[in-house]
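Just below is one structure, and these are the notes that go with it.
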Amino acid sequence: MHNDLYAVVGNPISHSKSPRIHSLFARQTGEQLEYTAIQAPEDDFANTVKGFFERGGKGLNITVPFKEQAWQLADLRTQRAERAGAANTLYKDSKGSLTADNTDGKGLVTDLMVNHGVRLAGKRLLVLGAGGAVRGVLGPILAEEPAALTIANRTLAKAEGLVSFFESVAGDTHLEACGFEQPADAFDVIINGTSASLQGDLPPVSTSVIGADTVIYDMMYSLQTTTFNQWALDQGATRVFDGLGMLVEQAAESFRIWRGKTPDTRPVIEELRND
């Protein structure tokens with residue numbers, strides 16, 4: 001009997017923690033599956049996906065730079081994938097239709113609220129960046145009903161585009177866009193959705209956005225403290241988190257979609273921290 005096949009597709013992919021995460025989930029839940037990493041050529045993503053499912057593959061996670069292509073390739077999209085404009089999870093439904101989902105926002109919100117005990121309802125949020133990573137998480141963040149959400153980005157027009165796109169699902173949340181230099185008041189929660197800190201760069205944000213109780217969350221993660229989180233600590237922030245928990249939580253949601261079982265993420269996060 002062959003194990004069900006799953007994989008993560010990206011380029012580059014050798015650094016991916018997804019195979020390790022899913023093998024830990026499988027061991028924990030007693031599911032028989034094989035999960036590998038596939039590096040797709042930048043110009044041949046569609047054939048990589050097609051070939052995988054033709055070989056009997058059951059589900060794919062999609063990472064940089066293919067999330068938008070995965071979204072376009074799908075026959076069907078879940079509501080959260082539709083809003084995200086990108087997909088990180090693909091599978092065939094009962095009729096054989098290629099279905100796209102996006103579990104990134106669920107992963108971020110679960111990590112913040114469950115793992116770190118951060119409330120979003122009624123809070124003032126600052127989100128840095130307006131690329132695909134940010135668009136992918138805004139729906140689930142807005143569903144928690146923060147009082148206000150400001151999207152700051154180098155190119156103002158991109159931030160404004162996200163505000164107009166998400167206005168219809170914002171409910172009572174006050175949505176606004178601005179440049180990086182604009183916000184001057186302290187926020188309850190700041191989420192860095194730019195990849196700048198991986199290159200050692202910082203979005204040019206004023207230090208005044210950080211107050212004594214501000215929660216800092218960098219969607220990126222690295223073995224050392226990310227550049228953004230180090231900057232926040234230097235400004236006196238005390239509750240500072242990186243994106244490792246988000247990575248594990250979005251994987252757990254993909255696993256649930258595919259296998260119908262929700263893994264316990266805490267021991268997996270701890271194991272990855274200690275790798």
Side-chain angles (χ1 to χ4, degrees), residues 5-23 34-78 80-92 97-105 107-108 128-138 153-155 157-159 161-162 165 192-201 203 218-223 226-227 242-244 246-248 250-251 253-255 257-258:
L5 287 181
Y6 297 88
V8 59
V9 179
N11 187 335
I13 200 63
S14 57
H15 66 284
S16 174
K17 292 187 187 296
S18 294
R20 177 132 167 74
I21 293 169
H22 283 276
S23 68
E34 188 183 326
Y35 189 109
T36 60
I38 299 170
Q39 180 155 313
E42 297 229 6
D43 58 356
D44 205 22
F45 171 73
N47 278 329
T48 303
V49 171
K50 193 166 164 243
F52 175 82
F53 284 106
E54 280 173 356
R55 291 193 303 276
K58 297 289 186 188
L60 288 174
N61 284 129
I62 309 297
T63 188
V64 176
F66 299 122
K67 289 185 183 183
E68 283 83 7
Q69 283 187 54
W71 187 87
Q72 287 161 349
L73 205 58
D75 305 313
L76 298 172
R77 301 179 191 115
T78 64
R80 58 189 176 185
E82 195 62 64
R83 279 192 198 130
N88 74 339
T89 306
L90 291 174
Y91 59 94
K92 293 279 180 89
S97 299
L98 187 63
T99 306
D101 204 338
N102 190 314
T103 67
D104 285 330
L108 169 66
L128 304 175
V134 168
R135 179 170 163 164
V137 301
L138 286 177
N153 192 53
R154 185 169 278 111
T155 313
K158 275 192 87 171
L162 285 187
F165 184 81
N192 178 32
T194 74
S195 57
S197 87
L198 289 185
Q199 283 85 48
D201 298 329
D218 194 341
M219 284 168 61
M220 303 300 142
Y221 68 91
S222 65
L223 295 174
T226 67
T227 307
D242 73 5
L244 182 66
M246 172 181 172
L247 180 74
V248 175
Q250 64 79 24
E253 177 67 0
S254 293
F255 192 91
I257 291 163
W258 294 331

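Between A40 and T48, the shortest heavy-atom distance links the atoms CB-OG1, 3.5 Å. Closest of all the heavy-atom pairs between P19 and V8 is CD-CG1, 4.2 Å. When every heavy atom of A87 is checked against every heavy atom of I62, the shortest pair comes out as O-CB, 3.6 Å. Among all heavy-atom pairs drawn from N153 and A130, the shortest one is OD1-N, 3.2 Å. A100 approaches A74 most closely through the heavy-atom pair CB-CB, 3.5 Å. For the residue pair S97 and L76, the shortest heavy atom distance occurs at CB-CD1, 3.8 Å.
No donor-acceptor distance shorter than 3.5 angstrom exists from the side chain of N11 to the backbone of Q39, with no hydrogens or angles considered. Checking side-chain atoms of R77 against main-chain N and O of W71 turns up a donor-acceptor pair under 3.5 Å. The backbone N or O of I13 sits nowhere less than 3.5 Å from a side-chain atom of S16 that would complete a donor-acceptor pair. Judged by distance alone, with hydrogens and angles left aside, the side-chain atoms of D242 form no donor-acceptor pair with the main-chain N or O of M220 at under 3.5 Å.
Open room surrounds NZ on K58; 12 or fewer heavy atoms of other groups in view lie less than 6.0 Å from it. Under a cut-off of 6.0 angstrom, the local environment of CZ in R20 is crowded, with over 12 non-hydrogen atoms contributed by other residues, nucleotides or ligands.
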**OP:** Please step through side chain to side chain contact (heavy atoms under 4.5 Å, CB included) for the pair L60 and F52, ending with a clear verdict.
**Re:** CA-CA 9 Å; L60 288 174; F52 175 82; 3.6 Å; yes
**OP:** Any chance you could lay out the side chain to side chain contact (heavy atoms under 4.5 Å, CB included) test for L73 and V49, step after step, and finish with the verdict?
**Re:** CA-CA 9 Å; L73 205 58; V49 171; 3.9 Å; yes
**OP:** Could you walk me through whether L90 and L98 pass side chain to side chain contact (heavy atoms under 4.5 Å, CB included), step by step?
**Re:** CA-CA 7 Å; L90 291 174; L98 187 63; 4.3 Å; yes
**OP:** Tell me, with the steps shown, if Y35 and N61 meet side-chain hydrogen bond (donor to acceptor under 3.5 Å, both in side chains).
**Re:** CA-CA 10 Å; Y35 189 109; N61 284 129; 2.6 Å; yes
**OP:** Report the C-alpha distance between M246 and Y221 in whole Å, list the side-chain angles of each, state the deciding distance to 0.1 Å, and finish with yes or no for side chain to side chain contact (heavy atoms under 4.5 Å, CB included).
**Re:** CA-CA 9 Å; M246 172 181 172; Y221 68 91; over 6 Å; no
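In this structure, CG in L128 is found 6.5 Å from OG1 in T194, a value given to the nearest 0.5 Å. Rounding to the nearest 0.5 Å places CD1 of I257 at 10.0 Å from OG1 of T99. Taken to the nearest 0.5 Å, the CZ atom of R135 stands 7.0 Å off from the CG atom of L162. Distance OH/Y6 to CZ/F255: 8.0 Å, rounded to 0.5 Å.
Remark: A84 engages N102 in a side-chain contact (heavy atoms from CB on, under 4.5 Å) (not counting sequence neighbours). The salt bridge (Lys or Arg N to Asp or Glu O under 4.0 Å) search around E54 returns K50, not counting sequence neighbours. Taking the salt bridge (Lys or Arg N to Asp or Glu O under 4.0 Å) definition, one finds that E34 meets it with nothing, sequence neighbours left out. Qualifying side chain to side chain donor-acceptor pair (under 3.5 Å) partners for N47, counting only residues two or more places apart in sequence or in other chains: D44. Every residue meeting the salt bridge (Lys or Arg N to Asp or Glu O under 4.0 Å) condition with R80, not counting sequence neighbours, appears here in chain and number order: D101, E253.
Using a 30° and 60° split on the angle between ring planes, H22 and W258 fall in the tilted class, from 30° to 60°. Ring geometry, F66 versus F45: the interplanar angle falls under 30°, so the pair is classed parallel (tilted spans 30 to 60°).
In this structure, P203 and R154 have side chains that are not in contact, with every pair of non-hydrogen atoms separated by 4.5 Å or more. Within the 4.5 Å cutoff, side-chain heavy atoms of K17 are placed close to those of L247. Counting only heavy atoms from C-beta outward, the side chains of V137 and M219 approach each other to under 4.5 Å.
Applying the salt bridge (Lys or Arg N to Asp or Glu O under 4.0 Å) test to pairs two or more places apart or on separate chains, those with a residue in residues 64-76 are K67-D104.
Remark: of the listed residues L108, T89, T78, T89 is the sole one forming a side-chain contact (heavy atoms from CB on, under 4.5 Å) with T103.
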